[in-house]
Amino acid sequence: MATDELRRVATVAWKRCALCVKNDLTFKSPREFCRHLREYHCSKEGGSFVCRYGMNNVCPSLPVEGVSDKDYEDHVARDHVCIEIAPFKPLSQNSDSSGSSRSSTPVPTHSEPSVVQDQYKWTVYHSKVNLPAALNDPRLVKRESDFFTKTWGEAFDKSDIHPSPHLPEITRDHFMRYIRKISRRHKTHVKNNETLPVASADVGKSCLPVDLFPALAARQTDKSRVELDQIPKTFLSPSFSLENPDTFNDVFPWAQIEATRHGDEGPKQSSKLLQEKMSHYLDIVEVQIAKQISYRSEAFFHAMTSHDELQEYMTKTCAAIKHLRDRIHHLDSVLVRGPLTIMKLTKTRSNYAKLYNKLKLMATIHQTQPTIQMLLSTNEFVGALDLITTTQEVLSQELAGIHSFRHLGSQLAELEKVIDKMMQADFVKYATADLNRPLEDRQNSSVEKLVAIVFGMLRQHKYNFIDVYREEACTAMKAAVKQTVVEAVSTADDINVEGAVGSLADQMRLLNFPQWMELLNEIFENLTVILRRVKAFHDVISEVINVAAGRNVHTQHRKVVENGAQHIHVQDGRPQEGEDTNDEEEQEESSTVLSRSISLHDEDADIMVAEPEYVKAMNNLKDFLCQTCEHAHDRCVKVIVARAKDGFLEKIGSNDFVTLASAIERFASECEHICGRKSMSLRGSLQSQANRFVNRFHEERKQKLSNILDIERWKQADVPEEFQDLVDHISATGKLSPAKKVDTEKRSASSTLRVGGEEYTVVGTVLILLKIIVEYCQCVEDIPTITPDMLTRLVDILKTFNSRTCQLVLGAGALQLVGLKTITTKNLALASRCLQLIAFYIPMAKAHFEIRLPAKQLNMLKYFDQVLKDYKDHISEISNKLVAIMGGMFELQLSKWEVKAPMPSACFRGVCKQIGKFHEAINELLPEQQVQDLFMSINLAFKQHLKQQLAKLGVSNDNGPKHGLVMADLAFYTGAMKSLAGLGSLDYNMESLWT
């Protein structure tokens, strides 16, 4: 078949570049095509080559990450060189006569689509590379570990893919039925393929020799290649064009043409020979084309036959497409354009509404600053700050980019800073005015302003106002104390402040105790007023913070408001004297104002304080109240320390010190009621002064007791009525406390002290000691904090009396101190009776201290038990001493005794005489039972000494003369003992003498 009859010619892929259609590039060899792809359709990223030969500069056969140089070469050879591309389209009707302009694809018109062009358009279904193919690239020796991270970053993490619960687990057993079913068909198919040529020959179908004899096809191919090798390569070049001068000179040698032009015969032969050569080349090509057509004649004619049908189908398809486009245009004009117009108008209207709203919003924003000024004039700091915040949000979101508002944001920020400074200044002004207003001013009219300021500060998360108020409160307390001292010093009549006195503390030390105590009470009252104002501030701020944190409880709200309003109306839990009857009305009015001011912010209050800030603020507020009370205590401590500098407080009496302690305790209790926490600074100062007072108190009384003991002559003293009244009061009340003085007729002093129906014969020293014991107990009653110290001091006083008594009486120290000639039995009995009186009151003192001692110090009560044991031991020693004195007398008298007439003997008469004197001495001092016990011991001592003497004299119970004389003396002794008062009932059995 001739070449000009061919409509379409199949061409290989490397002949033309599918992307460079406009340049009409053709390539002579695959190498040139590969070089073109590397230069114009390939990009190098790092060390990888990325192929761009494809639709949208994306190669569908190569990963977008790129490959190495060798892999890129293999990819081009496999996917772009060795494939067939779409055949060239027929020549355009408007092409020129040279036929050089050939288009690969027809250009569709604007009125109808091109079916021929659209069918080759690339879609996602043409993609030849997927993720499994990329991950399982057989050309890679090692799978890339950074396949995901190098594109999506290090944050991309591998995760395990869990099996789907909706898909069953597929095993080989699921395919066994299919394998058994298809195995037969597969065997049949294989068998048919093996017998296909024989079967074809049997049915009479013709087969080409080339199909039956592959060797023959190889020889024919070699022969065709030899014939084609005769044709110069220039004619077979893809870029063959006679317009190229070099190609033209190769085809038509210029020398032959010139020779022909000059009329030479030889060259003419050459031209003819050239023409014949060309014809030969043409014949070879035509023969080869005919052979190729003959080999594929069936397919060629089938294609030619199908071409007309395809043309008819394409004509019908174009007509259908044209009809469809016409209908679409009709639908567009009828159904689409109208609704689109409506939508466009609706959108326009919406835009106009948005513009109108923007303009309204801009007008509102324009009035922001005047509105803020108006809010600030009414102390609406929260409203002003909320307006600033809202305006800034609108400017940054809805009005961003508005040129006329470019400076408004910075202006609002500066205005916010100015409002912060205003709130700080107003708060300081309020705190100063509230704390420094006159102490008798009981109405605070600025509570509403305080609430507004605090809400504004909480809105800005500024909590330093608590520290500011604490500093102002400390300054106010310092000024109040100083002013009170100045007034007290200036109004004192008996001091001269114009002298050479230096500081104010020196002037204060000129006041006597009543004046100074009056000053201290005035200071306590003034500081209490200031602390109540601070407590009212604390209650208001606490309620405001609760509201700001969304924790306001209305039942507690009313209570806190009332407490904040009534802090200036009530003192020590009672109305002050001289107040008007309208205090309750003022309190109710103040409560109403405060409640209204907080409720205004409570109605629409947002949560301005977060939970952590709320907890921190409430802790700071509680610490602020406690620290303020601590500062008040510190100011009072300075006043007390300044007055006690010269030992003034150590020299005051116990009653005055009790007055001081009571005043300090009242003030400390009031502070505890205000802040809810104990403060130890003032009590610590009081304790320090109390320790000094206790030391002085104890030293004075100990020295007084020692001095009295040094001059005590240990003789019976009369008991004044005040001591008897004291003892009677103790017996009636059961407590060691002083008796109240009652104006009655004076009674004469009694010789004994009556205690609970028992009479005590005492010396004057023990009366003074009893009074000292009562003073110690009363001091503990008045000042409970010094109980442990007083206990040790009282025990020391008791031990001192016991030891000095033992030293003076049993130790005979009184002989040298007061000049006694001897320590008589009367002195011993009197000392024993005094010790018994003090021992009687020691348990009462223990019970008194036990009630007031802290639980941790109750073990100190054992000191009383030790002292009581010492007293009892001392009393026993005195009794033993009396018995020993009589025993010595018995030994002395019986050593001279002789058993002979007359009877009674002189020895027994002397013994009975001494016993009578001894009984006379102690009978009036000791109680009857104690006298009987003492004489029982004396009788035993007498029998012991008599028994020894009888053994020495050799007298036995033999009813002899000597035995009769001894029995006569014993009868005389027994009669004398029974004649003594209170001794008649004693056992005088003498049988033990003879055993």
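Scope of the values below: all heavy atoms of this structure, side chains included, with no hydrogens, waters or symmetry mates.
- The shortest distance between side-chain heavy atoms of Leu791 and Leu861 falls below 4.5 Å.
- No hydrogens or angles considered: nothing links the side chains of Glu670 and Thr528 as a donor-acceptor pair under 3.5 Å.
- Taken from CG in Asp718 to OG1 in Thr761, the straight-line distance is 10.5 Å, to the nearest 0.5 Å.
- Residues Lys638 and Asp634 are not paired through a salt bridge, judged by the lack of any N-O separation under 4.0 Å between the basic side chain and the carboxylate.
- More than 12 heavy atoms of other residues, nucleotides or ligands lie within 6.0 Å of CD in Glu758, so this atom counts as buried by the packing criterion.
- Residue Leu926 holds its CG atom at 8.5 Å from CG of Asn923, rounded to the nearest 0.5 Å.
- Nearest heavy atoms, Leu798 versus Tyr871: O-OH, 2.8 Å.
- Annotation: side chain of Glu781 is not in contact with side chain of Ser737 (no heavy-atom distance under 4.5 Å).
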Stepwise side chain to side chain contact (heavy atoms under 4.5 Å, CB included) test for Phe697 and Arg701: CA-CA 6 Å; Phe697 181 87; Arg701 281 150 183 77; 2.9 Å; yes
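- Around CD of Glu522, the count of heavy atoms belonging to other residues, nucleotides or ligands within 6.0 Å exceeds 12.
- Note on Asp710 versus Arg804: salt bridge recorded, some NZ/NE/NH1/NH2 to OD/OE distance being below 4.0 Å.
- Atom CZ of Arg713 is surrounded by more than 12 heavy atoms from other residues, nucleotides or ligands within 6.0 Å.
- Between atom CD1 of residue Ile674 and atom CD of residue Glu672 there is a gap of 11.0 Å, rounded to the nearest 0.5 Å.
- Taking a 6.0 Å sphere around CD of Glu924, one finds it holds 12 or fewer heavy atoms contributed by other residues, nucleotides or ligands.
- Nearest heavy atom pair, residue Ala663 against residue Asn521, reads CB-OD1, 3.4 Å.
- Using bins of under 30°, 30° to 60° and over 60° for the plane-to-plane angle, the ring pair Tyr760/Phe840 lands in the tilted bin.
- Without hydrogens or angle criteria, His945 side chain to Phe890 main chain gives no donor-acceptor distance under 3.5 Å.
- Residue-environment remark: NZ (Lys943) exceeds the threshold of 12 foreign heavy atoms within 6.0 Å.
- Annotation: Glu920, atom CD; neighbour count of heavy atoms from other residues, nucleotides and ligands within 6.0 Å does not exceed 12.
- Ring geometry for Phe864 against Phe849 counts as tilted: the plane angle lies between 30° and 60°, on a 0 to 90° scale.
- Looking at heavy atoms from C-beta onward, Leu726 lies out of side-chain contact with Leu767 at the 4.5 angstrom threshold.
- Here the straight-line distance linking atom CG of Asn802 with atom CD1 of Ile797 works out to 13.0 Å at 0.5 Å rounding.
- Here the side chains of Phe801 and Val867 are not in contact, with every heavy-atom distance at 4.5 Å or above.
- Applying the ring-ring contact (aromatic ring centres under 6.0 Å, His included) criterion to Tyr863, with sequence neighbours excluded, gives no partner residue.
- Nearest heavy-atom pair across Pro738 and Val774 is N-CG1, 3.5 Å.
- In this structure a side-chain-to-backbone donor-acceptor pair under 3.5 Å is missing from Ser706 to Lys702.
- The shortest side-chain heavy-atom distance between Gln866 and Val795 does not fall under the 4.5 Å cut-off.
- Minimum interatomic distance between Tyr841 and Val727 (heavy atoms only, all atoms of both residues): OH-CG1, 3.2 Å.
- One side chain, Gln703 or Asn707, offers a donor N or O that lies under 3.5 Å from an acceptor on the other.
- Side-chain contact between Leu980 and Phe918 is absent, with no heavy-atom pair separated by less than 4.5 Å.
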Tell me, with the steps shown, if Leu770 and Val766 meet side chain to side chain contact (heavy atoms under 4.5 Å, CB included). CA-CA 6 Å; Leu770 181 59; Val766 79; 5.9 Å; no
With a 3.5 Å cut-off and sequence neighbours excluded, list the donor-acceptor pairs that the side chains of residues 877-884 form with protein atoms.
from	atom 1	to	atom 2	distance (Å)
Ser879	OG	Ile875	O	3.2
Asn880	ND2	Ser876	O	3.1

Apply side chain to side chain contact (heavy atoms under 4.5 Å, CB included) to the pair Cys834 and Thr805, showing each step before the final yes or no. CA-CA 10 Å; Cys834 293; Thr805 301; over 6 Å; no
Just list the side-chain donor-acceptor pairs under 3.5 Å for residues 807-814, sequence neighbours left out, or say none.
none

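- With hydrogens and angles ignored, the 3.5 Å screen pairs a side-chain donor or acceptor of Ser895 with a backbone N or O of Leu892.
- Between His633 and Phe667, the two ring planes are tilted [angle within 30° to 60°].
- A 4.5 Å side-chain heavy-atom check between Asn939 and Tyr973 finds at least one atom pair inside the cut-off.
- Side-chain N/O atoms of Gln724 and Asp728 include a donor and acceptor closer than 3.5 Å.
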Could you walk me through whether Arg909 and Phe972 satisfy the side chain to side chain contact (heavy atoms under 4.5 Å, CB included) test, starting with their C-alpha distance in whole Å, then the side-chain angles of each, then the deciding distance to 0.1 Å, before giving a yes or no? CA-CA 8 Å; Arg909 286 196 301 269; Phe972 175 76; 4.0 Å; yes
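- Of the possible polar contacts, none joining the Thr822 side chain to the Thr824 backbone as a donor-acceptor pair under 3.5 Å is found.
- Nearest heavy-atom pair, Lys704 versus Ile768, reported as atom, atom and distance to 0.1 Å: CE-CG2, 4.0 Å.
- Of the inter-residue distances, the one linking Gln948 atom CD with Leu953 atom CG reads 12.0 Å to the nearest 0.5 angstrom.
- Within the 4.5 Å cutoff, the side chain of Ser832 has heavy atoms near those of the Gln930 side chain.
- Among all heavy-atom pairs drawn from Ala981 and His919, the shortest one is O-NE2, 2.8 Å.
- The CD atom of Gln893 lies 10.5 Å from the CZ atom of Phe942; values are rounded to the nearest 0.5 Å.
- Under the 3.5 Å distance criterion, with hydrogens and angles disregarded, a donor-acceptor pair is assigned to the side chains of Gln929 and Asp933.
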